[in-house]
Amino acid sequence: MRKLLIDNKTNLSLEQLRQIFFDKVKLELSAKATSAIEESANFIAKIIETDAVIYGVNTGFGKLAKVSISADKLLQLQKNIVLSHAVGTGPLLKNKTVKLILALKINSLARGFSGIRLETIGHLVKFFNHEYFPC
């Protein structure tokens, strides 16, 4: 099984995307990606501690962008975001397609701009490497 290192600056090539789609590839986050992810997550944590306002972290979205969400409601906000995006219709995608989408999501999150916790992206990498794909 080929190992593919995901860096915080990685742009996956067409050849790498083909390998992910057609072959068994194991993803691994680089030290640079891990550092960028942790730095971003720490930044978000500090914002929450100071009660500073940041769109989508402790505010509503779209027309509700100016509505502040209290600290005791932030966990519920995150759950609501996941639930609101956890639906689909039609036939399931093929596993190869889902595997490619998951790799692209991991690559994007590894850049360190989303505020995702390392633990969360680590689970996505484990799901990918063990071929546990959502449907």
Side-chain angles (χ1 to χ4, degrees):
M1 182 179 303
R2 183 180 146 93
K3 186 190 310 182
L4 181 60
L5 193 63
I6 301 293
D7 195 13
N8 65 320
K9 304 286 187 204
T10 299
N11 289 315
L12 295 172
S13 68
L14 184 56
E15 180 58 31
Q16 289 170 318
L17 294 173
R18 284 186 181 123
Q19 288 173 350
I20 291 167
F21 189 80
F22 292 110
D23 302 327
K24 290 249 185 204
V25 175
K26 182 178 180 180
L27 299 182
E28 184 178 316
L29 296 173
S30 74
K32 287 181 181 180
T34 298
S35 178
I37 293 163
E38 287 177 329
E39 186 178 324
S40 179
N42 290 337
F43 175 78
I44 296 297
K46 286 178 186 172
I47 286 175
I48 291 171
E49 287 175 9
T50 65
D51 291 329
V53 175
I54 187 165
Y55 174 78
V57 174
N58 54 11
T59 70
F61 299 87
K63 291 181 180 179
L64 300 175
K66 298 206 185 282
V67 176
S68 291
I69 309 297
S70 62
D72 63 322
K73 302 283 188 208
L74 292 180
L75 181 59
Q76 187 62 47
L77 175 66
Q78 294 302 309
K79 287 180 180 180
N80 290 348
I81 292 168
V82 171
L83 290 174
S84 72
H85 290 80
V87 313
T89 61
L92 298 178
L93 297 174
K94 294 186 185 307
N95 278 348
K96 286 182 174 190
T97 303
V98 176
K99 182 171 82 166
L100 186 59
I101 292 168
L102 187 56
L104 289 167
K105 177 53 74 177
I106 291 166
N107 187 66
S108 173
L109 293 171
R111 295 181 184 277
F113 298 123
S114 71
I116 192 170
R117 291 182 299 141
L118 184 58
E119 176 185 18
T120 304
I121 193 170
H123 287 303
L124 295 177
V125 171
K126 285 179 189 175
F127 293 160
F128 179 93
N129 289 339
H130 290 92
E131 296 187 340
Y132 298 149
F133 303 131
C135 57

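Just so it is clear, the structure is predicted and the values come from calculations on it, not from any experiment.
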*Could you walk me through whether L109 and I37 pass the side chain to side chain contact (heavy atoms under 4.5 Å, CB included) test, one step at a time?*
CA-CA 8 Å; L109 293 171; I37 293 163; over 6 Å; no
Under 3.5 Å, which donor-acceptor pairs do the side chains of residues 123-135 form with other protein atoms, sequence neighbours left out?
unit_1, atom_1, unit_2, atom_2, d
N129, OD1, L27, N, 2.7
N129, ND2, L27, O, 2.9
N129, ND2, V125, O, 3.4
H130, ND1, K126, O, 3.0
E131, OE1, K24, NZ, 3.2
E131, OE2, K24, NZ, 3.3

*asked:* side chain to side chain contact (heavy atoms under 4.5 Å, CB included), that's the test. Do I6 and L12 meet it? Break it down for me.
replied: CA-CA 9 Å; I6 301 293; L12 295 172; 4.1 Å; yes
*Taking all non-hydrogen atoms of both residues into account, name the closest pair between A110 and D7 and its distance.*
CB-O, 4.2 Å
*Between T59 and Y55, what is the shortest heavy-atom contact and its length?*
OG1-CA, 3.3 Å
*Working to the nearest 0.5 Å, report the span between CG of L14 and CD of Q19.*
10.5 Å
_N42 vs E39, test: side chain to side chain contact (heavy atoms under 4.5 Å, CB included). Steps then yes/no._
CA-CA 5 Å; N42 290 337; E39 186 178 324; 5.7 Å; no
*Considering all heavy atoms of both residues, which atom of E38 and which atom of L118 are nearest to each other, and what is their separation?*
OE2-CD2, 3.3 Å
*asked:* Tell me if the CZ atom of R117 is crowded by more than 12 foreign heavy atoms within 6.0 Å.
replied: no
*asked:* Can you confirm whether F43 is buried at CZ, in the sense that more than 12 heavy atoms of other residues, nucleotides or ligands lie under 6.0 Å from that atom?
replied: no
*So, N58 side chain and L74 main chain: donor-acceptor pair closer than 3.5 Å or not?*
no
*Determine the minimum heavy-atom distance between Q16 and N11, stating which atoms define it.*
OE1-O, 3.9 Å
*Verdict with supporting geometry, L77 and V57, side chain to side chain contact (heavy atoms under 4.5 Å, CB included)*: CA-CA 9 Å; L77 175 66; V57 174; over 6 Å; no
*How about I54 and I48: do any of their side-chain heavy atoms sit closer than 4.5 Å?*
no
_Which heavy atom of A36 sits nearest to which heavy atom of R111, and what is that distance?_
CB-O, 3.8 Å
*asked:* Ignoring hydrogens, what is the shortest heavy-atom contact between I116 and A41? Give both atom names and the distance.
replied: O-CB, 3.5 Å
